[in-house]
Protein chains: 2
Amino acid sequence: MLAHHGLKKATTHHLTQIDRVRASIPTVCKDGTCSADVCTAISDLGKSKRFQAGETVFWQGVEAESYFLITSGLMRAVRFLDDGRRQITRFIFPGTLIVHKDNVDHIYSGEAITDIEVRIIPRDVLDNLVSAQPCLADLVTCSILEELRETQDHLLTLGKLKAEERVSHFLSVLKRRLPGMEKNEINIPMSRTDIADYLGLTIETVSRVLGRMKRQGKISLPTCNRITVAESYVLDRHQESFAA
Amino acid sequence: MLAHHGLKKATTHHLTQIDRVRASIPTVCKDGTCSADVCTAISDLGKSKRFQAGETVFWQGVEAESYFLITSGLMRAVRFLDDGRRQITRFIFPGTLIVHKDNVDHIYSGEAITDIEVRIIPRDVLDNLVSAQPCLADLVTCSILEELRETQDHLLTLGKLKAEERVSHFLSVLKRRLPGMEKNEINIPMSRTDIADYLGLTIETVSRVLGRMKRQGKISLPTCNRITVAESYVLDRHQESFAA
DNA sequence: CGATGGGTTGACCGGTGTCAAGTTTTGTGG
DNA sequence: CCACAAAACTTGACACCGGTCAACCCATCG
């Protein structure tokens with residue numbers, strides 16, 4: 001997006017940092033996930049903090065003062081309706097940089113699903129870095145565009161797919177992001193409630209769909225947090241309709 | 001977000017342009033809509049082009065080569081499932097800057113709903129401007145974050161609201177963005193089909209909901225493209241749950 | 001051992017989708 | 001301006017998916 005200007009040997013801490021980030025950017029912006037590269041690039045900015053499963057990392061409606069880079073574990077982005085209905089807008093995997101507007105409240109809460117490690121990067125630290133080296137803006141821009149792309153896929157899921165299609169598609173995404181020990185094995189770190197609130201269904205429906213898929217031999221559930229997919233079964237028949 | 005460095009009297013055409021943009025940015029990034037300011041800021045970049053209702057401005061799956069700034073009329077962002085199911089992910093109002101990743105395909109198609117006027121800004125024109133004056137990055141960043149916020153509201157709508165709640169919420173947004181001649185009057189430039197594909201419903205359900213609201217005296221429909229809302233009726237009881 | 005929380009399963013019901021007919025609006029040609 | 005056709009919208013009958021409510025299972029932890 002932006003030209004990568006030549007940069008001479010860096011002297012300050014920040015500049016060596018920039019060097020590393022610059023090196024990673026071409027890769028960052030090509031593929032979908034970005035994860036490893038973003039982690040490497042800005043992994044020693046800010047300070048690292050651990051949260052236990054269930055803890056809230058940041059609150060919807062509170063002004064955003066920092067960037068967050070999740071380095072291990074799994075988070076969820078949660079929005080509430082005033083009557084208590086809960087929508088999970090995103091599962092946040094390691095390597096994701098969370099960006100919010102300056103002077104504006106977080107549009108969702110970030111909660112730890114598993115125990116997690118988060119790097120909290122004060123806004124001005126990363127912003128100054130960006131100011132000093134404009135090509136870094138790609139890092140921020142790509143992070144938001146990636147979140148937008150994911151959210152639009154999610155929108156298509158909620159707007160047009162039936163219950164079983166939603167679950168299948170969800171599993172296929174999970175398979176790509178959290179592969180199990182063996183091929184065709186999927187780890188499911190989140191609860192049925194989280195899955196339901198993500199897919200716009202009830203836990204009963206999620207459970208029933210999984211039960212049916214199991215009875216039909218499409219999948220098996222050794223434990224309720226691990227799934228194996230039958231060789232013959234294609235999880236996501238609408239794959240090419242989704243961006244990733 | 002980024003520091004606004006002092007900028008001396010500009011000499012080239014681009015620099016006067018930047019001056020104007022800089023002046024508008026503080027406003028751009030404070031409120032939700034940005035419209036007027038963004039329009040003013042970059043209104044003579046690129047070249048203006050007209051499209052007739054129904055024409056496609058850019059295609060999903062084709063590499064994004066330009067920014068688009070819609071200056072009049074109404075567009076829709078459309079995504080298709082491989083079996084033909086259609087989801088409208090966004091209605092795009094005048095003043096909206098459409099940003100896509102470099103080297104990456106458009107994630108949706110942009111189609112004209114009414115006759116429209118679009119300013120097509122080649123990627124490098126705006127990017128060079130941004131490189132030359134990093135504070136301009138706010139313009140791009142805010143545009144994407146605004147789209148993200150809208151999409152998340154939409155996600156909450158599809159995931160958690162019932163048919164009548166969706167229609168009510170949709171009307172309340174429309175009322176804010178496209179007020180009619182009189183107070184409590186709403187213009188509806190899009191078809192029932194567009195509304196249905198936006199709300200994840202069928203045209204029959206949209207029609208039935210509007211019919212019921214009419215019979216209950218909540219609204220009246222002088223024509224099917226214009227609605228007046230009863231003084232006593234609150235369109236969106238979940239307003240505070242949504243960001244805008 | 002019982003209590004607790006997460007997950008599964010069943011019976012039932014209601015909201016939406018589907019299909020089809022009817023109505024209104026828009027557009028076109030005489 | 002009217003006549004007609006086509007499109008957009010509305011309305012009704014009916015079916016079915018998924019929500020609701022309740023019972024039950026199972027693992028974990030005191």
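First the proteins, then the strands, lettered A, B, ... as listed; each starts at 1.
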Whole-Å distance between dT11(D) P and Leu210(B) CG? 10 Å
Go through the structure and list residues passing side chain to side chain contact (heavy atoms under 4.5 Å, CB included) with Glu117(B), not counting sequence neighbours. Ser48(B), Arg50(B), Thr71(B), Ser72(B)
Can you measure Asp194(B) atom CG to dA7(D) atom P for me and round it to whole angstrom units? 16 Å
Arg215(B) atom CZ is separated from dT11(D) atom C1', nearest whole Å, by 9 Å
Check this for me, if you would: do Arg79(A) and Asp153(B) make a salt bridge, where the nitrogen-to-carboxylate-oxygen distance has to be below 4.0 angstrom? yes
From CD1 of Ile203(B) across to C1' of dG22(C) the rounded distance in Å is 14 Å
Once you round it to whole Å, what is the distance between P of dG5(C) and CG of Asn225(A)? 18 Å
Look at the side-chain N and O atoms of Ser207(B) and state whether any lies under 4.0 Å from the OP1 or OP2 oxygen of dC9(D). no
Thr205(A) vs dG18(D): side-chain N/O to OP1/OP2 distance below 4.0 Å: no
Quick check: any donor-acceptor pair below 3.5 Å linking the side-chain of Arg192(B) to the base of dT25(C)? no
Does the side chain of Asn184(A) pick up a donor-acceptor pair with the side chain of Glu231(A) at under 3.5 Å? yes
Closest listed nucleotide, where the reference is the side chain of Lys162(A) and the choices are dT10(D), dT16(C), dG18(D): dG18(D)
Closest nucleotide among dG19(D), dC9(D), dG17(C) to the Thr193(B) side chain: dC9(D)
Checking Asp236(B) now: which residues fulfil salt bridge (charged side-chain N to carboxylate O under 4.0 Å, His left out) with it, not counting sequence neighbours? none
Roughly how many Å is it from CD in Glu164(B) to P in dG14(C), rounded to a whole number? 17 Å
Taking only the side-chain heavy atoms of Glu204(B) (C-beta and beyond), determine which of dT11(D), dT16(C), dG10(C) contains the nearest atom. dT11(D)
From CG of Asp197(A) over to P of dG19(D), roughly how many Å is that when rounded to an integer? 11 Å
Side-chain H-bond candidate by donor/acceptor type, Thr228(B) with Ser220(B), under 3.5 Å: yes
Protein-nucleotide distance (Lys214(A), atom NZ; dT8(C), atom C1'), rounded to Å: 9 Å
The side chain of Arg208(B) lies closest to which of these nucleotides: dG15(C), dT18(C), dG7(C)? dT18(C)
Please determine if a side-chain N or O atom of Ser191(B) lies less than 4.0 Å away from the OP1 or OP2 oxygen of dA8(D). no
